[in-house]
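Keep in mind that the numbers below use all heavy atoms, side chains included, and drop hydrogens, waters and symmetry copies. Residues: numbered from 1 along the sequence shown.
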Amino acid sequence: MNVGEGARSVRDMRSSAAWACEVARQHLEQPLPRRWSHTQGVARQARSIASTLGDAADFVEAAAWLHDVGYAPDLVLTDFHPLDGARYLRDVHHADEHLCRLVAHHSCALIEARERGLDEALVREFGSEPPAFIEALIYCDMTTSPDGDIMSVERRIDEITARYGSGHLVTRAITSAAPTLVGAVRQIEKELHTVS
Ligand SMILES: [Fe+2]
């Protein structure tokens, strides 16, 4: 995506966090309370880095609210939540294209998509390049525990690996994505340090 496209998307999505919160709540709060706690924690992390995001703060918070909506039982189609969530936002809500791409690619989703044989669909529908603000969303997701508490990215990766177990495709994907995930978190930490 070029910078102009990103800026236009951000303008379009101003004041969208409240809408995104309600969409996520509707799909996650009752059926998946632990996932809802995690989502609330990810959104809190988005607000905590608002000073680094300028005009994009509301947009990134919206993405934080919606990044895991594809886990909702009523939205599962492929069983790959980044793709199911992004398709739902695109097809049902006609959501901003950049927001859909962020959800589709969140936390190195393309690596896991390859493991699942869904990479061609992901790239065809939501592009091959990680969209702008992907590092910010990685920071929010990968420093939040499954219960919504703050956690280091290293512990988060260990937690995911332990939860799925060795040999699982999610473990293979997160292991391969780890350097990118840690690098993104370090980048945002540096930006936070610079603005404080
Ligand atoms: Fe998440």
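- Remark: E120 CD to L118 CG distance equals 10.0 Å, nearest 0.5 Å.
- You'll find the side chain of V170 stays beyond 4.5 Å of the side chain of E115, heavy atoms only.
- Put simply, the side chain of L181 reaches to within 4.5 Å of the side chain of S107, judged on heavy atoms.
- Minimum heavy-atom separation, A136 to L53: CB-CD2, 4.0 Å.
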> Do H81 and H106 pass the ring pair (Phe, Tyr, Trp, His ring centres under 6.0 Å) test, and can you show the C-alpha distance, the side-chain angles, and the key distance before you say yes or no?
Replying inline: CA-CA 10 Å; H81 75 280; H106 82 264; 5.1 Å; yes
>> Before you tell me yes or no, could you show the steps for H38 and D147 under side chain to side chain donor-acceptor pair (under 3.5 Å), namely the whole-Å CA-CA distance, both residues' side-chain angles and the distance that decides it to 0.1 Å?
In response: CA-CA 5 Å; H38 166 74; D147 294 306; over 6 Å; no
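- Residues I138 and I188 fail the side-chain proximity criterion, which asks for heavy atoms closer than 4.5 Å.
- There is a side-chain donor-acceptor pair under 3.5 Å between T143 and Q45.
- With hydrogens and angles disregarded, no donor-acceptor distance shorter than 3.5 Å links the side chain of R124 to the backbone of D119.
- A chain of hydrophobic side-chain contacts below 4.5 Å, direct or via other Ile, Leu, Val, Met, Phe, Trp or Tyr residues, connects L99 to W65.
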>> Go through it in stages, so that I can follow the logic: the residues are W36 and H27, the test is ring pair (Phe, Tyr, Trp, His ring centres under 6.0 Å), and I'd like the CA-CA distance, side-chain angles, deciding distance and then a yes or no.
In response: CA-CA 9 Å; W36 175 236; H27 289 284; over 10 Å; no
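- Distance check, rounded to the nearest 0.5 Å: OG of S152 to CG of D158 gives 7.5 Å.
- Distance check, rounded to the nearest 0.5 Å: CG of L28 to OG of S37 gives 10.5 Å.
- Residues meeting the side chain to side chain donor-acceptor pair (under 3.5 Å) test with R186, sequence neighbours left out: E154, E189.
- Within a 6.0 Å radius of CG in L169, other residues, nucleotides and ligands contribute more than 12 heavy atoms.
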>> Please determine whether side-chain contact (heavy atoms from CB on, under 4.5 Å) holds for the pair M142 and I174, giving the CA-CA distance in whole Å, both sets of side-chain angles, and the decisive distance to 0.1 Å.
In response: CA-CA 11 Å; M142 296 306 296; I174 202 80; 4.1 Å; yes
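- Pairing each heavy atom of T144 with each of C140, the nearest pair is OG1-O, 2.7 Å.
- Judged by a 6.0 Å distance limit and a 45° cone about the ring axis, R35 is positioned over the six-membered ring of Y71.
- Residue V60 is grouped with residue L89 when hydrophobic side chains (ILVMFWY) are merged at heavy-atom distances under 4.5 angstrom, including chains of intermediate members.
- Remark: E159 does not engage R155 in a salt bridge, criterion side-chain N to carboxylate O under 4.0 Å.
- Taking both residues in full, the closest heavy atoms of D84 and G70 are given as CB-O, 4.1 Å, listed atom of the first, atom of the second, then distance.
- Residues Y88 and D74 fail the side-chain proximity criterion, which asks for heavy atoms closer than 4.5 Å.
- In summary, the side chains of E22 and Q26 do not present any donor paired with an acceptor at a separation below 3.5 Å, with no hydrogens or angles considered.
- For T171 (side chain) and G165 (main-chain N/O), a donor-acceptor pair under 3.5 Å exists by modelled atom type.
- Under a 3.5 Å cut-off, the side chain of H105 and the backbone N or O of G127 do form a donor-acceptor pair.
- Shown here for A86 and C100, the closest heavy-atom pair between the two residues is CB-O, 3.4 Å.
- Using a 4.5 Å heavy-atom threshold, the side chains of P130 and T180 count as separate.
- Pairing each heavy atom of V103 with each of P82, the nearest pair is O-CB, 3.6 Å.
- Classification of E125 and R90 as a salt-bridged pair holds, one side-chain N sitting under 4.0 Å from a carboxylate O.
- F80 and L66 sit in two unconnected hydrophobic clusters of ILVMFWY residues. Membership requires side-chain heavy atoms under 4.5 Å apart, directly or through other members.
- Put simply, L137 and F126 are part of two different groups of oily side chains (I, L, V, M, F, W, Y) that touch within less than 4.5 Å, one to the next.
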>> Using side-chain contact (heavy atoms from CB on, under 4.5 Å), reason through F59 and D96 one step at a time and then give a plain yes or no.
In response: CA-CA 10 Å; F59 172 76; D96 172 89; 3.9 Å; yes
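- The heavy-atom pair separating R156 from R163 by the smallest distance is NH1-NH2, 3.6 Å.
- Side-chain polar atoms of D68 and T39 form no donor-acceptor pair below 3.5 angstrom.
- Here the straight-line distance linking atom NE2 of H93 with atom OG of S16 works out to 12.5 Å at 0.5 Å rounding.
- With rounding to the nearest 0.5 angstrom, the CZ atom of R114 is 9.5 Å from the CG atom of L122.
- L192 contributes atom CG, which lies 11.0 Å from atom CD of Q187 (distance to the nearest 0.5 angstrom).
- Transitive grouping of hydrophobic side chains (ILVMFWY, heavy atoms separated by less than 4.5 Å) keeps I111 and V123 in distinct clusters.
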